[in-house]
Amino acid sequence: MNILIKNGAVVPLTADRPGVLNPGYVWIEGDRIGQVGAGAPPPELEQAAEQVIDASQKAVIPGMVNAHSHLFQTFIRGMADDKTLLPWLKAAIWPVGAVMGEEEAYLSGLLGLVENIRSGATAVIDNQYLHTDRRSDDAFCRAAQEVGVRFRIARGWADTNYHPVFMETPDQILEAMTHLYETWHNQANGRIQVEFGPLIPWGCSAETLQRTVALARQWGVGTHLHTAETREEVQMSLDATGLRHVHWLEQLGVLGPDVQLVHCVWLDDSEIERIAATGTVVVHCPVSNMYLASGVAPVLKMLAQGVPVALASDGPGSNNSQDMLETLKFTACLHKVHNLDATALLPEQVLEMACLGGARAFGQADLGRLQPGYKADVVIVDLDSPLMQPVWSAVSALVYNANGGDVDTVIVDGQVLMQDKHITCLDEKALLQECRQAAGRLLERAGIQI
Ligand SMILES: [Zn+2]
């Protein structure tokens, strides 16, 4: 299908065309961007278009990548506020996760993915580590297939030291991952991908980590893991191995452009240097790091050394939303105040982290820009709001004013998943009702009273 988006403030994020084309147009041919230009679209595009979207008083941006979430936590959000990481895991994540079944996984996946679309994310990396029901991995992939979002499941695993309910043997991990790879990798026109998700350095044995990374590289898929999220965890690593997280991972041969390290709050300068030298991708989750009082990641230092930094909400259990537009503002403001520098992280840089940094995390060179040949993942944000007008700079308004409720239209792979703030891929009201009931039954089974 051909789609013409016209009259919008187009933010292409291309190297040769910085800034905003206002007004501008975007021409979509099938699953790819065909043309991007300033002014009114050529008459032949108007004539050839099967669908025309008028984006007057709206911004048109590349789809953002939410580079780290745990979708099942949509059913848990708000349950254990005001705690640090380990007490939070014990109060909410472990007891509920331990009894969650396939159907609940599927519904929480639909809910979490619709939330992502509504807040401007066209691609999501889900670090899925619920395996009490072995069918849960498939349930999340099925949800992603139905919603139509670009989706990567980073299948979480732990084989040592972790909560017994979430631990697996190395053979179980490799068998489940092989099934996932054979069933889902590159399905849905390449929208669904899989990668390994070793959960945390202290829950993964060195041997299994090396085995899974070797297999990932043989398959050409990535590896995604929480790293140096809290000071306590870094101390645990020093006690157990004598090494900080990044040095331990490098010793095992784990670093590289195919690896995403999530959080990276407690790094020293030598670790940042090794991340930069190996082209490893960092995923920054500012809201979660504030919510769990984990700390402030040294993002400016990483960017200065050329580290690709993507943005993410983290799971909705520690946020409690998955609003990527909100994440843009938090990212900019957190690093300004932390560095006492109002020029730290300009709006354009933050948007680039969400789009181009996200493309690096996704390991896909045709994402993150509105440029001919790139994937047609496009988000249109309504700027015609008393919360934003008058708008002098569309990028400033996107970062400092807009939030998820302002996202108007979302296109993934050339398919319209939301238009005029209406989700087209499923009955949203019915889904919310079903999720409320399923989450209620789940808490009852977990023996948790709120
Ligand atoms: Zn996480």
Side-chain angles (χ1 to χ4, degrees), residues 65-81 83-94 96-97 100 105 108-109 112-113 115-116 121 123-131 136-137 140 151-158 162-163 166 195-204 222-234 236 245 249 259-267 280-297 299 309-324 327 330-331 357-358 361-362:
V65 177
N66 185 357
H68 178 74
S69 188
H70 308 281
L71 293 174
F72 78 92
Q73 292 179 8
T74 50
F75 278 18
I76 297 176
R77 56 176 146 210
M79 258 186 59
D81 294 332
K83 292 180 170 48
T84 53
L85 179 69
L86 295 175
W88 169 82
L89 285 170
K90 287 173 188 159
I93 305 305
W94 289 345
V96 178
M100 203 158 179
S108 69
L113 290 171
E115 182 186 8
N116 270 286
V124 179
I125 299 179
D126 183 33
N127 188 196
Q128 197 309 90
Y129 58 90
L130 279 189
H131 307 119
S136 294
D137 292 332
F140 286 104
F151 183 71
R152 173 172 303 168
I153 184 165
R155 186 188 184 277
W157 63 266
Y162 202 61
H163 188 295
F166 297 95
E195 66 179 349
F196 283 91
L199 206 49
I200 18 132
W202 50 273
C204 299
T223 296
H224 179 101
L225 77 160
H226 296 98
T227 302
E229 181 174 1
T230 64
R231 221 169 5 185
E232 206 178 343
E233 291 171 287
V234 174
M236 285 160 71
H245 281 183
L249 293 171
V259 174
Q260 308 114 54
L261 304 181
V262 182
H263 296 305
C264 288
V265 173
W266 295 98
L267 300 183
T280 307
V281 180
V282 166
V283 180
H284 179 41
C285 308
V287 178
S288 173
N289 295 159
M290 286 190 269
Y291 177 95
L292 296 170
S294 301
V296 182
V299 164
V309 181
L311 295 180
S313 60
D314 203 353
S318 63
N319 187 305
N320 291 333
S321 71
Q322 300 178 88
D323 189 332
M324 284 301 288
T327 300
F330 272 112
T331 303
F362 229 79

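Index from 1, following the sequence. Just so you know, ligand 1 is whichever comes first in the structure, and atom 1 is the first atom listed for that ligand.
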Are any N, O or S atoms from Cys285 nearer to the Zn ion (ligand 1) than 2.8 Å? no

If you round to 10 degrees, what value do you get for the angle at the Zn ion (ligand 1) between His68 atom NE2 and His226 atom NE2? 90°

Do Ser313 and Thr327 pair up side chain to side chain, a donor and an acceptor below 3.5 Å, judged on atom types alone? no

Side-chain donor-acceptor pair present, Asn289, Asp314, cut-off under 3.5 Å: no

Checking one value in my table: which N/O/S atom of Asp314 lies closest to the Zn ion (ligand 1)? OD1

Close aromatic pair by centroid cut-off 6.0 Å: Trp94 and Tyr162: yes

Compute the centroid of each ring, for His70 and then for His226, and state whether the two points are separated by less than 6.0 Å. yes

